[in-house]
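Data block below; observations after.
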Protein chains: 2
Amino acid sequence: MSFTVAPPAPDSTPVDTDTAACCAPASREAIGAADAEKLARSLKAVADPARLRLVSLVAAHADEEACVCDLTEPLGLSQPTVSHHLKVLVDAGILTRDKRGTWAYYRLVPGALDSLAGLLAGL
Amino acid sequence: MSFTVAPPAPDSTPVDTDTAACCAPASREAIGAADAEKLARSLKAVADPARLRLVSLVAAHADEEACVCDLTEPLGLSQPTVSHHLKVLVDAGILTRDKRGTWAYYRLVPGALDSLAGLLAGL
DNA sequence: CCCATAAATTGACATCCATCGATGCGTTGG
DNA sequence: CCAACGCATCGATGGATGTCAATTTATGGG
């Protein structure tokens with residue numbers, strides 16, 4: 001969604017050519033620093049055992065939505081910790097939060113994981 | 001910490017969760033704790049701007065291999081830092097190292113990124 | 001031999017991060 | 001109106017992590 005793989009910078013930076021020292025030159029453009037940082041931020045959100053299990057637990061639920069009370073016990077973590085991880089996943093655009101009454105229901109953002117996986121495979 | 005998170009049982013189908021309290025029950029099994037930790041370790045290796053750019057730079061090279069001397073300057077990081085990141089990527093099975101003479105050439109492990117992406121998308 | 005180069009290792013340091021207990025806020029039910 | 005419940009936030013803390021300067025190791029050339 002927000003990741004533009006194409007480099008927005010037309011290159012005021014002279015991409016060298018002078019060295020040609022030990023290796024072959026680049027055949028295509030690599031990822032830009034800004035895109036790398038953005039992609040890394042998204043990957044960091046998923047690169048945690050607890051958060052991976054949270055995503056999996058939410059995806060495994062029958063109607064693909066789950067409340068915190070259902071996620072705390074199978075993880076073996078305290079309720080504040082689970083809330084923290086869920087907030088990270090929501091901020092990263094992986095999950096959505098929907099508070100109905102006393103409970104907060106989380107569900108997967110459709111295509112979010114696939115988008116991440118696609119960007120990773122297309123490096 | 002009243003109980004250990006990782007059961008000694010093999011990883012395939014460890015838990016049968018009793019039915020939940022407030023929400024719908026799980027329709028399929030979620031990822032196990034051991035698998036989550038292993039996947040998280042691989043994802044952590046890639047969840048860093050510098051390492052993402054390293055992977056991209058290596059992949060972008062003409063013969064898909066690059067030495068440290070070619071990677072230090074475009075990253076804007078010191079040589080020890082680049083060496084450190086490359087070691088992380090090699091340890092994670094993303095890159096391979098091949099020292100020829102004075103130079104060390106790094107290249108992508110075929111299918112490593114796709115495998116990671118597949119595991120991520122299949123959560 | 002000795003020096004120059006390439007890369008890895010070490011040690012130190014600052015920052016980030018996962019985790020918890022305690023607390024606050026909003027909702028539900030009696 | 002008040003107690004109970006679900007969840008978020010706060011503050012603290014121990015451990016992991018990214019970064020660099022200095023040093024070490026290994027290779028090659030004069």
Side-chain angles (χ1 to χ4, degrees), chain A residues 19-23 33 36-37 40-55 57-58 65-92 95-107, chain B residues 1-6 20-24 33 36-37 40-55 57-58 65-92 95-107:
Chain A
T19 51
C22 57
C23 315
E37 205 146 334
R41 231 178 298 131
S42 294
L43 286 173
K44 272 180 203 290
V46 204
D48 181 274
R51 290 197 282 270
L52 283 177
R53 297 186 71 193
L54 280 175
V55 169
L57 281 168
V58 169
E65 75 178 8
C67 63
V68 182
C69 61
D70 262 351
L71 302 171
T72 302
E73 174 244 331
L75 270 185
L77 295 175
S78 71
Q79 175 265 316
T81 301
V82 174
S83 265
H84 161 67
H85 286 308
L86 288 169
K87 177 177 171 51
V88 171
L89 289 168
V90 168
D91 289 346
L95 298 181
T96 56
R97 192 180 88 110
D98 177 33
K99 186 154 193 178
R100 297 200 300 268
T102 314
W103 295 278
Y105 295 89
Y106 289 85
R107 57 170 56 205
Chain B
M1 12 204 111
S2 0
F3 52 87
T4 54
V5 193
C22 61
C23 314
E37 205 145 335
R41 231 177 298 132
S42 294
L43 285 172
K44 271 181 203 289
V46 203
D48 180 274
R51 291 196 283 270
L52 283 176
R53 297 186 71 194
L54 280 175
V55 169
L57 281 168
V58 169
E65 75 177 8
C67 63
V68 182
C69 62
D70 263 352
L71 302 170
T72 301
E73 174 243 331
L75 270 185
L77 295 175
S78 70
Q79 175 263 317
T81 301
V82 173
S83 267
H84 162 68
H85 285 310
L86 287 170
K87 178 178 172 50
V88 171
L89 289 169
V90 169
D91 289 347
L95 298 182
T96 56
R97 192 180 89 110
D98 176 33
K99 186 154 193 179
R100 296 200 299 270
T102 313
W103 296 277
Y105 294 89
Y106 289 86
R107 57 169 55 204

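Bear in mind that the values here come from a model prediction, so they are computed numbers and not experimental data. First the proteins, then the strands, lettered A, B, ... as listed; each starts at 1. Atoms considered below: every heavy atom in the structure, side chains included; atoms not considered: hydrogens, waters and symmetry mates.
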C:dA6 OP1/OP2 closer than 4.0 Å to side-chain N/O of B:Y106: no
For atom CG of A:D70 and atom P of D:dC5, their distance in whole Å: 17 Å
Minimum heavy-atom distance B:V68-B:Y106, with the two atoms named: CG2-CE1, 3.7 Å
Whole angstrom value for the distance that separates P of C:dA18 from NZ of A:K87: 14 Å
Separation of A:L86 CG from A:L54 CG (nearest 0.5 Å): 5.0 Å
Any residue meeting side chain to side chain donor-acceptor pair (under 3.5 Å) with B:T81, in chain and number order, not counting sequence neighbours: B:S78
Which residues share a side-chain contact (heavy atoms from CB on, under 4.5 Å) with A:T96, sequence neighbours left out: A:R107, A:V109
Base-contact (B) and sugar-phosphate-only (S) positions in nucleotides 14-22 of chain D, heavy-atom cut-off under 4.0 Å, - elsewhere: ---SSBBBB
Which residues share a salt bridge (charged side-chain N to carboxylate O under 4.0 Å, His left out) with B:K99, sequence neighbours left out: none
Integer-rounded Å distance: C:dA7 P and B:L75 CG: 14 Å
Beyond-backbone contact of B:S83 with B:K87, side-chain heavy atoms, under 4.5 angstrom: no
Per-nucleotide protein contact string for nucleotides 24-30 of chain D, where B marks a base within reach and S marks sugar-phosphate only (heavy atoms under 4.0 Å, - for neither): ---SS--
Nearest-Å distance for atom pair CG/P, residues B:L95 and C:dA8: 12 Å
Distance, rounded to the nearest Å, where B:L71 contributes CG and C:dA8 contributes C1': 15 Å
Result of checking B:V82, B:L71, B:T72 against B:L77 for side-chain contact (heavy atoms from CB on, under 4.5 Å): B:V82
Interatomic distance where CH2 belongs to B:W103 and P belongs to C:dT5 [whole Å]: 12 Å
Contacts table for residues 43-52 of chain A: side-chain donor-acceptor under 3.5 angstrom, sequence neighbours left out:
residue : atom : partner : partner atom : Å
A:K44   : NZ   : B:A47   : O            : 3.0
A:D48   : OD1  : A:A50   : N            : 2.9
A:D48   : OD1  : A:R51   : N            : 3.2
A:R51   : NE   : A:A45   : O            : 2.6
A:R51   : NH1  : A:H85   : ND1          : 3.0
A:R51   : NH2  : A:K44   : O            : 3.2

Interatomic spacing from CZ in B:R97 to CG in B:D91 - rounded to 0.5 Å: 11.0 Å
Rounded distance (Å) that lies between atom P of C:dT27 and atom OH of A:Y105: 15 Å
Spacing between B:L86 atom CG and C:dA6 atom P, to the nearest angstrom: 16 Å
